[in-house]
Protein chains: 2
Amino acid sequence: MNFAHLVVQRLDALAQISEDEGGLTRSFASPAMRRVNDLVGSWMRDAGMSVCTDAIGNLIGHYPAATPAGKILLLGSHLDTVRDAGKFDGPLGVLVALACVQFLNETKTRLPFAIEVIGFADEEGVRYQSTYLGSRALAGTFNCEDLKRTDARGVTMAEALREFGGTPDAIAAARMDASRLLGYVEVHIEQGPVLEQKNLAVGVVSAITGQTRARIAFVGEAGHAGTVPMNLRRDSLCAAAEFVLAIEELAKDRSGLVATVGEITAMPGAGNVIPGQTKLSLDVRHPDDVTRSQTCDELKLRADEIAAGRSVIMNWETVHESAAVVCERRLALLLENATKCHQGEAPLLASGAGHDAAAMAAICPVAMLFVRCKGGVSHNPAEFASEADIGVAIEVMNDFVKSLAKSK
Amino acid sequence: MNFAHLVVQRLDALAQISEDEGGLTRSFASPAMRRVNDLVGSWMRDAGMSVCTDAIGNLIGHYPAATPAGKILLLGSHLDTVRDAGKFDGPLGVLVALACVQFLNETKTRLPFAIEVIGFADEEGVRYQSTYLGSRALAGTFNCEDLKRTDARGVTMAEALREFGGTPDAIAAARMDASRLLGYVEVHIEQGPVLEQKNLAVGVVSAITGQTRARIAFVGEAGHAGTVPMNLRRDSLCAAAEFVLAIEELAKDRSGLVATVGEITAMPGAGNVIPGQTKLSLDVRHPDDVTRSQTCDELKLRADEIAAGRSVIMNWETVHESAAVVCERRLALLLENATKCHQGEAPLLASGAGHDAAAMAAICPVAMLFVRCKGGVSHNPAEFASEADIGVAIEVMNDFVKSLAKSK
């Protein structure tokens, strides 16, 4: 069996399952997620796993240990996507984990520990602007207040989840028993340019960057585009534009910082009306939590100054914060050793992107393996990782699982 | 009959007819426009008029002349609205005209000319970003290429019009016979602060400002918000933000100019994705056509410079241009005389907003009467004109019609 080829075929199959025509989008608790869970679940069963979907909609396949007393190694990633996504971000980690289990099953191998392969229900946070819904449920850090959040159409998270077949009332009970977990290991595309520059297939993650997401609103006054003189306007979009540029300027000035406004809405949203209210999203990341926090404070101050200068009101709501997470040294070392066997060297990378591993770190050791992606491009249909590199990742993970079994 | 009170009651009734819950929005060829046409049409019939809806969806009530050979005086305004509109902009002009005819009908008065009251199908251009659809059809300046335009949901104008019950193929034939028209006179709220400052109920319009509307797109590259370093980004929203501020700066610097960005869309539109493409609307107005045209040229140049400086692409599409229109002296003089009878003086105002009268000027003399509105606020639910001021407008229009009949 050529597992790398199988993974590529399966990535193609999953890329066909979308809520948008002509592009790939799978958001939390959507019909597309239901279809993806069904398909991946069927592959899990074919690989000798028992399969269930938990209260938040995570797909979990269980491959038993040699003895009932065995602990559990968690492998996986997420099955949701950003809007107009590439096909590797998320699904690759689930399918590589699945390939490892399929290899064990075909060789009739039982390990001293069980393996659970998880396809997380929501990592990107596209629908409810709050990431890691799936992994936070497993880690017991899910905030049940989030169930009241509404999506763009006004549907609450609780309603969406019920519609999907989940059970909002049972999310607290979905928390995993930390005492049984050996750790969580995730394979993911790098989403950056380092491995490509080093001409290496895979790398081991040292730490995952911390992240703050906020929603900012500027509230001015709507008015007729033809009759309100420029000097009497309180244009909320002009305030937002000034803030977008202030964010860019500050981020460019601070080493290692990235800050992004990905969404903006001017209301009421007609060409001949001065925007009375403008809302925007803000995403700030830095490997150092103190720097990130200070940056957010400074940006909030700038937003206040801009609003005051234009006699508009500024509202700031922090909707997500995750601290930087250091990968566990012992698991990372096993990944490094396996990597060295296959490509000679094992570079250590910091992850600029957040991952489910960051949430899982609340209950168990975590580690991550990055796979080279073309041009560092991600969150984009042009996202690409080669079959050869995916093959290296599968072999590294097979070796990692074997070496972990030996060390137990 | 207290006609001012009747008009206020009818404005309230029309304000209930909306495509949005909790706000007033009526866009071209919507079910809300169908309901408004039905209701206003029933009032027209009650006032002794025969009623029809033309190919583009304009509602036209005909009050016959004393003799079949009589020419036609057109009165009216538009029945569509901006998004989250006030209730006076448009409907007031239709209902004041209707009150004048109702007065003639109740006093069994026939004039040497017929009066047609028109409720135009589209003045605001919310749905297809192209204004005066209704009046341009009557004036014979409708561009049939516009029928291929699509709305936000991808519905072409031709499809929408057919769905509404109009006949896209017959729009050319909807052109009125210019030789039979005495002129078009429109009553409208001022949408500016001048009459309030002068403490006067109504004013006579000297000219209507020219207008350019454009759609601008900046195309950069989408990417992951966490992994693409700031200095490698080609963020389309940052380019758009820079342009929004450049527009504001230039407009503030040029006397009499107003320029507005009312719509902005960043794509793909997720908080953790760098916007690959950002689209925005631009609305530029000035009483002098040459100044307006030069301003647009300069703004296009600035947009090009901003795009070049950020290695993004800029696309500019001019979607609407209307020249400034001077109101006809003879009709305006009759309005001035009638106004002086009721409030002592008759201020002359330039209109910063575009109006159907601007399009109708292509086939007949036009004139306009402005009604004071509170705080100059318009395109906003807070829009307000008092019953007393509406009463003055009705009396001025009654006198105007009488004096026009005498002068024939």
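Keep in mind that the numbers below use all heavy atoms, side chains included, and drop hydrogens, waters and symmetry copies. Within every chain, numbering begins at 1; the chains are lettered A, B, ... in the order of the sequence lines, protein sequences first and strands thereafter.
- The candidate with the highest count of non-hydrogen atom pairs below 4.5 Å against chain A, out of B:A270, B:G376, B:P275, B:G354, is B:A270.
- Taking a 6.0 Å sphere around CD of B:E249, one finds it holds 12 or fewer heavy atoms contributed by other residues, nucleotides or ligands.
- Interface check for chain A: of the options B:T260, B:T25, B:L282, the most heavy-atom pairs under 4.5 Å are formed by B:T260.
- If you measure heavy-atom distances from A:R83 to chain B, the contacts under 4.5 Å come from both the backbone and the side chain.
- In this structure, B:T227 OG1 and A:I189 CD1 are separated by 8.5 Å, a value rounded to the nearest 0.5 Å.
- With a threshold of 4.5 angstrom between heavy atoms, A:S281 approaches chain B through side-chain atoms but not through N, CA, C or O.
- B:A251 approaches A:M230 most closely through the heavy-atom pair CB-CE, 3.6 Å.
- Neither the backbone nor the side chain of B:A240 comes within less than 4.5 Å of any heavy atom in chain A.
- Considering all non-hydrogen atoms of both residues, B:G262 and A:A266 come closest at O-CB, 4.0 Å.
- With chain A as partner, the option from B:G23, B:G192, B:P268 having the largest number of non-hydrogen pairs under 4.5 angstrom is B:P268.
- When heavy atoms are compared at a cutoff of 4.5 Å, A:R233 approaches chain B solely by way of its side chain, counted from C-beta outward.
- Ranking B:T278, B:V284, B:V261, B:V377 against chain A, the residue ahead of the rest is B:V261, based on heavy-atom pairs under 4.5 Å.
- Both the backbone and the side chain of A:V273 come within contact range of chain B, each with at least one heavy atom under 4.5 Å from a heavy atom of that chain.
- Of the listed residues (A:A259, A:A241, A:S351), the greatest number of heavy-atom pairs within a distance under 4.5 Å of chain B belongs to A:A241.
- Between B:A225 and A:V258, the shortest heavy-atom contact is O-CG2, 3.4 Å.
- Atom-to-atom distance recorded for A:R285:CZ and B:N272:CG is 6.0 Å, nearest 0.5 angstrom.
- Remark: A:K252 NZ to B:C238 SG distance equals 7.5 Å, nearest 0.5 Å.
- Chosen from A:G269, A:G86, A:P381, the residue pairing most often with chain B at heavy-atom distances under 4.5 Å is A:G269.
- From B:I264, atom CD1 reaches atom CG of A:L280 across 10.0 Å, with rounding to the nearest 0.5 Å.
- Nearest heavy-atom pair, B:N380 versus A:A222, reported as atom, atom and distance to 0.1 Å: ND2-O, 3.3 Å.
- Heavy atoms of A:E190 lying under 4.5 Å from chain B belong exclusively to its backbone.
- Using a 4.5 Å cut-off between heavy atoms, A:L257 contacts chain B through its backbone alone, with no side-chain atom that close.
- When each of A:R213, A:E383, A:Q129, A:Q211 is scored by its heavy-atom pairs under 4.5 Å with chain B, the top score falls to A:R213.
- Residue contact with chain B, scored on non-hydrogen atoms closer than 4.5 Å, is absent for A:T209.
- Contacts of A:A382 with chain B are absent, with no heavy-atom separation under 4.5 Å from either backbone or side chain.
- The candidate with the highest count of non-hydrogen atom pairs below 4.5 Å against chain A, out of B:V244, B:L245, B:D283, B:D84, is B:L245.
- Of the listed residues (A:G352, A:G125, A:G256), the one with the most heavy-atom contacts under 4.5 Å to chain B is A:G352.
- Your options are A:L237, A:L232, A:V126, A:V228, and the one with the most heavy-atom pairs under 4.5 Å with chain B is A:L237.
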